[in-house]
Amino acid sequence: MFLALRAEVEDCLRGALAESGYPTDDLGIERPPEDVEAVLASSVVFRLAGAAEAPPPAVAGEIADAISTEACEYVAAVETQGPYVNFLAGERYLGETLRAAQSEEYGTLDSKDTSVVVEHTSANPTGPVHVGRARNPIVGDAVARVLDWAGYDVERHYYVNDAGRQIAVFTWAYETFDEADLPDPERDAPEYDMVRYYRRGNEFLENADPQEAEAAEDEIEAILQGLEAGEEAVYERVSEVVDTVLGGMCDTLERLPAEFDEFVKETRFMRDGSTDDVVERLKTLDGAVYEEGAWQLEFEDIEKNLVFLRADGTSLYTTRDLAHHEWKFANFDRAVTVLGEDHKLQAEQLNATLSMLGHDTEKLESIHYSWVTLPEGGMSTREGTGIDLDELLDEAIARAREEVEDRMGERIRDDDLGEADIERIAHQVGVGAVRYDIVAKQPSKGITFEWEDALDFEAQSAPYVQYTHARACGILAEARSAGHEVPDAVDPAVLEAPEARDLVQTIATFPAAIEEAAEFAEAFNAFYRECRVLEAPDETRAARLAVVVAARNTAANALGVLGVEAPESM
RNA sequence: GGGCACGUAGCUCAGUCCGGACCAGAGCGUCGGACUUCUAAUCCGACGGUCGUGGGUUCAAAUCCCACCGUGCCCGCCA
């Protein structure tokens with residue numbers, strides 16, 4: 001309804017401006033501050049400073065007078081307040097919102113008939129997922145959910161690096177070292193088991209005497225060459241390592257949950273010849289140069305050249321990623337990639353190159369996030385420093401569980417929560433708090449990991465919104481057992497309490513701003529405090545029950561978009 | 001050294017794109033209040049800010065421009 005209201009406001013304003021002979025290119029529509037009753041407002045008068053001769057408030061009055069609300073469905077009145085033109089919504093707006101929000105699908109937008117591939121995480125399969133990387137699956141999964149909600153056909157992809165030097169090192173190390181010489185794994189899971197070889201291999205390459213190191217480098221080089229040549233045997237050796245580690249990493253990611261429709265391997269674009277094909281086309285570009293035995297590409301506004309073919313004839317990560325993106329262009333309408341900030345330069349070069357190859361890079365979007373660091377510094381899989389995502393989730397659930405158990409004693413509601421409920425709530429709240437903490441912050445900002453901040457169970461956190469959902473469910477459960485029906489149609493005039501009206505107005509903006517979950521929860525809690533539902537007179541109770549259903553659906557969907565579970569009790 | 005981000009209350013952050021009701025908001029923490037009531041993981045109030053610093057543009061700047069300071073990332077025939 002909010003979207004329809006906004007469209008109506010735009011029409012009214014544009015019409016009034018045209019009538020008075022003012023430009024209509026910038027309508028200046030905005031949300032007014034909380035203490036103003038209007039749903040939408042316009043500061044267009046400021047932008048008319050030159051064209052209008054009169055003082056701003058007078059111009060605002062002139063515009064307001066020129067608007068007729070008779071033809072409007074949702075706009076009930078237009079007022080001015082100083083230079084601002086304010087638009088107030090009518091009963092119909094509330095009624096329609098309430099009706100729309102009765103649907104469990106509330107907030108979804110119509111299909112856009114556009115496919116979009118969201119690539120996220122894509123961490124090298126070298127070891128356990130650590131917290132430094134954890135922003136990627138959480139942000140990526142939330143982006144995919146939002147796009148899905150917004151009507152796009154979304155596919156989630158994990159791009160698997162199974163062709164790089166690190167993987168060749170890993171494969172060599174796995175085949176070379178003996179498990180008996182390795183430390184015990186930190187956890188009983190495949191990636192924790194495997195990462196020990198990787199760490200040992202890197203350690204060896206750094207510290208071994210030059211002759212031994214060189215022999216190892218020859219073996220690593222042979223693996224890279226084998227992959228480049230498409231040798232099946234080499235591919236199988238590498239796959240054993242990659243698939244094992246990746247399988248373990250995915251078990252961890254599923255706990256968030258972050259799941260994927262497809263795992264796209266780099267080697268795929270070597271085996272099907274598309275990497276070679278890209279290389280051939282790159283060589284013919286104007287910016288292509290052959291220097292010191294390697295093929296490179298020069299850019300107009302990027303200082304650094306892109307080497308796309310090594311002197312030994314093998315391809316590089318970005319070369320394969322070019323083939324990968326051409327494949328995306330061929331199969332999807334749009335593509336979004338979630339990447340760490342360390343990939344910024346690479347992403348710029350990728351984009352510039354794709355555009356030189358004749359692709360429309362407007363269809364691509366990348367979201368860069370900054371690393372999560374520890375107070376004492378960064379995290380590294382190779383060095384084994386940092387906190388693993390498994391560890392964070394375990395701790396989050398354990399702390400949430402403590403919290404649930406603490407609260408059991410002072411619980412008023414007698415709904416007999418059993419051990420299974422405690423387990424469920426601890427899981428929902430713990431994981432939800434972690435996700436919310438990550439999603440609530442702009443990806444570009446650095447985060448220093450602190451247990452206390454990541455695991456906040458109070459206001460402005462996932463549990464805050466989850467709690468409103470549980471409260472709404474509680475009311476509805478009581479209503480059901482008392483035999484109260486939720487009415488099909490509601491006369492909004494019955495909703496006299498300002499808190500009820502305010503809540504419905506907040507619910508109305510949800511489709512436009514799904515991330516305003518906390519704001520909505522606040523409105524619900526005010527309603528909860530001031531408006532008794534079950535003890536109200538019949539007609540009022542019915543209307544308020546409809547509001548509760550609307551609120552429950554809004555809470556469930558706001559959480560759903562963030563990928564957080566909505567508990568029916570907690 | 002060059003490029004890109006980030007810098008707002010003690011702490012964690014909104015607001016910055018598209019300057020206007022913002023003489024800046026929220027949560028946490030601190031202090032004080034509210035459970036005989038549909039879940040107190042809630043609610044109400046108080047305290048708390050040179051919007052990194054200095055210039056500039058404008059009727060108007062946290063928001064735009066310039067310089068500087070601090071932090072992070074990048075500048076590999078690694079990914």
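Every chain is numbered from 1, with letters handed out A, B, ... down the list of sequences. Quick note: numbers below take in every heavy atom, side chains included, and nothing from hydrogens, waters or symmetry partners.
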B:G20 base stacked by A:Phe46 (centroids within less than 5.5 Å, tilt under 30°): yes
Atom C1', compared across B:A46 and B:U8: separation rounded to whole Å: 22 Å
Closest nucleotide among B:C43, B:G76, B:A79 to the A:Lys304 side chain: B:G76
Heavy-atom neighbours of A:Glu37 CD exceed 12 at 6.0 Å: no
Short side-chain N/O contact from A:Arg407 to OP1 or OP2 of B:A41, under 4.0 Å: yes
Pair A:Glu217 + A:Arg165, salt bridge at N-O below 4.0 Å: yes
First encountered from the 5' end of RNA chain B, between A:Thr448 and A:Gln346: A:Thr448
Touch class at under 4.0 angstrom, heavy-atom based, for A:Ser444 against every strand present: sugar-phosphate
Touch class at under 4.0 angstrom, heavy-atom based, for A:Glu499 against every strand present: nothing
Chi angles and distances behind the side-chain contact (heavy atoms from CB on, under 4.5 Å) call for A:Glu228, A:Met270: CA-CA 7 Å; A:Glu228 198 71 27; A:Met270 300 166 86; 3.0 Å; yes
Nucleotide nearest A:Asp342 when distance is taken to its side chain, options B:A21, B:C73, B:A40: B:C73
Touch class at under 4.0 angstrom, heavy-atom based, for A:Ala479 against every strand present: nothing
Proximal nucleotide (of B:A79, B:C75, B:U12) relative to the A:Lys441 side chain: B:U12
Sugar-phosphate, base or nothing in reach of A:Gly164, heavy atoms under 4.0 Å: sugar-phosphate
Minimum-distance nucleotide to A:Arg471 side chain [options: B:C74, B:C22, B:A40]: B:A40
Among B:U16, B:C43, B:A79, the nucleotide that comes nearest once only the side chain of A:Arg529 is considered: B:C43
Sugar-phosphate only, base, or nothing, as touched by A:Gln296 at under 4.0 Å among non-hydrogen atoms: nothing
pair A:Val195-A:Thr126: side-chain heavy atoms closer than 4.5 Å: no
Whole-Å gap separating P (B:A79) and CG (A:Leu227): 12 Å
Separation between the P atoms of B:C43 and B:A24, rounded to whole Å: 24 Å
Between P of B:C38 and CG of A:Asn525, the distance in whole Å: 16 Å
Span that lies between the C1' atom of B:G48 and that of B:C28, in whole angstrom: 13 Å
B:C75 OP1/OP2 closer than 4.0 Å to side-chain N/O of A:Lys344: no
Sugar-phosphate only, base, or nothing, as touched by A:Glu458 at under 4.0 Å among non-hydrogen atoms: sugar-phosphate
Between B:U42 and B:C6 - P atom distance, rounded Å: 32 Å
Salt bridge flag under 4.0 Å for residues A:Glu423 and A:Arg401: yes
Distance between C1' atoms of B:A62 and B:G52 (Å, rounded): 12 Å
Residue pair A:Phe204 / A:Ala216: nearest heavy atoms and the distance that separates them: CE2-CB, 4.2 Å
Selected nucleotide, minimal atom distance to A:Glu478 side chain, candidates B:C38, B:C13, B:A21: B:C38
Residue A:Gln166, side-chain atoms from C-beta onward, closest of B:A14, B:A21, B:C78: B:C78
Touch class at under 4.0 angstrom, heavy-atom based, for A:Ser569 against every strand present: base
Side-chain N or O of A:Tyr467 closer than 4.0 Å to phosphate OP1/OP2 of B:A41: yes
Minimum-distance nucleotide to A:Tyr464 side chain [options: B:G20, B:G15, B:U42]: B:U42
Sugar-phosphate only, base, or nothing, as touched by A:Cys473 at under 4.0 Å among non-hydrogen atoms: nothing
Charged tip of A:Arg471 within 45° of A:Tyr528 ring normal and under 6.0 Å: yes
Pair pattern of RNA chain B in dot-bracket, where unpaired bases get dots and | marks partners in another strand, Watson-Crick or G-U under 3.5 angstrom: (((((((..((((......[....)))).(((((.......))))).....(((((..]....))))))))))))....
A:Arg399/A:Glu402 ion pair, N-O < 4.0 Å: no
Sugar-phosphate, base or nothing in reach of A:Ile29, heavy atoms under 4.0 Å: nothing
Restricting to nitrogen or oxygen on both sides, can you table the protein-nucleotides 34-37 of chain B pairs closer than 3.5 Å?
residue : atom : partner  : partner atom : Å
B:U37   : O2'  : A:Arg532 : NH2          : 3.4

B:C38 phosphate, OP1 or OP2, under 4.0 Å from A:Arg541 side-chain N/O: no
Which nucleotide in B:U39, B:C73, B:A79 has an atom nearest any side-chain atom of A:Trp371: B:C73
Atom-to-atom span, CD1 of A:Ile447 to P of B:G7 - whole angstrom: 13 Å
Phosphate-side-chain proximity, A:Tyr159 and B:A79, N/O vs OP1/OP2 below 4.0 Å: no
Distance test, side-chain N/O of A:Gln442 to OP1/OP2 of B:G15, below 4.0 Å: yes
Sugar-phosphate, base or nothing in reach of A:Leu534, heavy atoms under 4.0 Å: base
Any A:Arg544 side-chain heavy atom under 4.5 Å of A:Leu495 side chain: yes
C1' spacing across the pair B:C73 / B:G27, given as an integer number of angstrom: 29 Å
Nearest-angstrom distance from the residue atom CG of A:Asn305 to P of B:G2: 20 Å
Residue A:Tyr159 excluded, over 12 heavy atoms near OH under 6.0 Å: yes
Anti versus syn assignment for B:C18, with syn defined as within 90° of 0: anti
Proximal nucleotide (of B:A79, B:C74, B:C44) relative to the A:Leu345 side chain: B:C74
Distance, P atom - from B:A41 to B:C35, rounded to whole angstrom: 15 Å
Pairwise P distance, B:C74 and B:G10 [rounded to whole Å]: 32 Å
Side-chain N or O of A:Arg310 closer than 4.0 Å to phosphate OP1/OP2 of B:C78: yes
